[in-house]
Each structure stands twice: as C-alpha cells, then as structure tokens.
Amino acid sequence: MFWNRHRHGKGRRCSILSPAETAGCPVCGEFQPLSTVGKGCRCRIRRHRAHGAVRQRLMDMGFVPNTEIEVVRVATLGDPMEIRVGDSFVTLRKREADQIEIFAA
C-alpha cells in the first residue's frame, strides 16, 4: 500500500466524500491514515491497524471505530498532532496516527 501517494494538504478538509462510501478516498480508492490530514479536518475512525498495548491505549483514549474526531493542531513537521475526541484533547505521535484509518465525517 502507498499511504503517502497523495496528500490532501495542510489545513484542507479531507476529500473523502462520505462515510457511507466504502471506496475510501476518491483519488486513490484507499482509506487514509489520520497522520495525512491537516488542521481543521473532521473525520471518523474507520479502524485501527495497531496491535497490542498501543491498540489498547488508543481505544482507552477514545479512538474507537465510528467516533468523530477533529484535528486541532499539527506541529511543523507533522509530529505530534492534537486531536479532539469527544470533549477531550489528545496528542498523538505521527507513528501512532499512521495506524488509525479514517474517513470524512
């Protein structure tokens, strides 16, 4: 898989059309990882690719499938990123965000 084949741009909304679509991104047809979206993007979690303790920690922080999240801030090099999950604000490293697949909210 080529997750970084295209980017939707910093500060721009996802171009994935709706959660009802199972085709994912209209550009490449794949679901994108959370780490590729920019500030202000609202999206829903599709699934995790993480395993073990990392997966459990993400689930404990509220990153469960079909949960709506919003990217609040992204650091200059894309690591870390601040994400609003419900009423909480969580900071994730890029490698953790890479393991969460999303689609537009």
Side-chain angles (χ1 to χ4, degrees):
M1 286 197 236
F2 301 100
W3 290 112
N4 293 323
R5 195 162 40 183
H6 71 281
R7 292 194 178 251
H8 297 283
K10 185 176 181 182
R12 296 167 64 189
R13 291 191 165 265
C14 300
S15 60
I16 298 175
L17 299 177
S18 72
E21 292 184 34
T22 56
C25 179
V27 177
C28 63
E30 296 175 348
F31 288 93
Q32 63 183 145
L34 179 59
S35 62
T36 61
V37 297
K39 177 182 171 186
C41 181
R42 287 179 177 238
C43 42
R44 288 190 178 270
I45 296 172
R46 180 174 176 259
R47 70 179 186 126
H48 292 257
R49 290 185 293 141
H51 300 283
V54 174
R55 180 182 175 86
Q56 186 61 50
R57 188 167 62 92
L58 290 171
M59 300 284 274
D60 291 345
M61 289 191 296
F63 290 92
V64 294
N66 211 25
T67 300
E68 184 174 329
I69 59 174
E70 178 183 2
V71 178
V72 178
R73 291 186 195 119
V74 180
T76 306
L77 298 176
D79 189 21
M81 55 193 320
E82 184 177 0
I83 299 161
R84 186 176 60 83
V85 183
D87 294 332
S88 303
F89 291 88
V90 177
T91 303
L92 289 182
R93 295 217 176 262
K94 190 172 183 177
R95 67 174 177 237
E96 295 164 341
D98 267 339
Q99 300 180 356
I100 300 173
E101 289 185 12
I102 58 164
F103 53 80

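Keep in mind the model is a prediction, meaning the values are calculated, not measured.
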Asker: Nearest 0.5 angstrom please: Arg55 CZ to Glu96 CD, how far?
Answerer: 14.5 Å
Asker: So, taking the atom named CD1 in Ile69 and the one named SG in Cys41, what distance separates them when rounded to the nearest 0.5 Å?
Answerer: 8.0 Å
Asker: With a 4.5 Å limit on heavy-atom distance, are the side chains of Leu34 and Ile45 in contact?
Answerer: no
Asker: Look at the side chain of His48 and the backbone N and O of Val54, then say whether any donor-acceptor pair between them is shorter than 3.5 Å.
Answerer: no
Asker: For the pair Arg44 (side chain) and Arg46 (backbone), establish whether a donor and an acceptor sit closer than 3.5 Å, ignoring hydrogens and angles.
Answerer: no
Asker: Please tell me whether Val85 and Met61 are part of a single hydrophobic cluster in this structure, the criterion being side-chain heavy atoms less than 4.5 Å apart.
Answerer: yes
Asker: Atom CD in Glu82, atom CG in Leu92: separation rounded to 0.5 Å?
Answerer: 10.5 Å
Asker: Using 0.5 Å steps for rounding, measure from the CZ atom of Phe89 to the CD atom of Glu70.
Answerer: 8.0 Å
Asker: Could you tell me which non-hydrogen atom of Val37 sits nearest to which non-hydrogen atom of Met81, and how far apart they are?
Answerer: O-CE, 4.1 Å
Asker: Measuring from Asp98:CG to Arg49:CZ, what's the distance to the nearest 0.5 Å?
Answerer: 7.0 Å
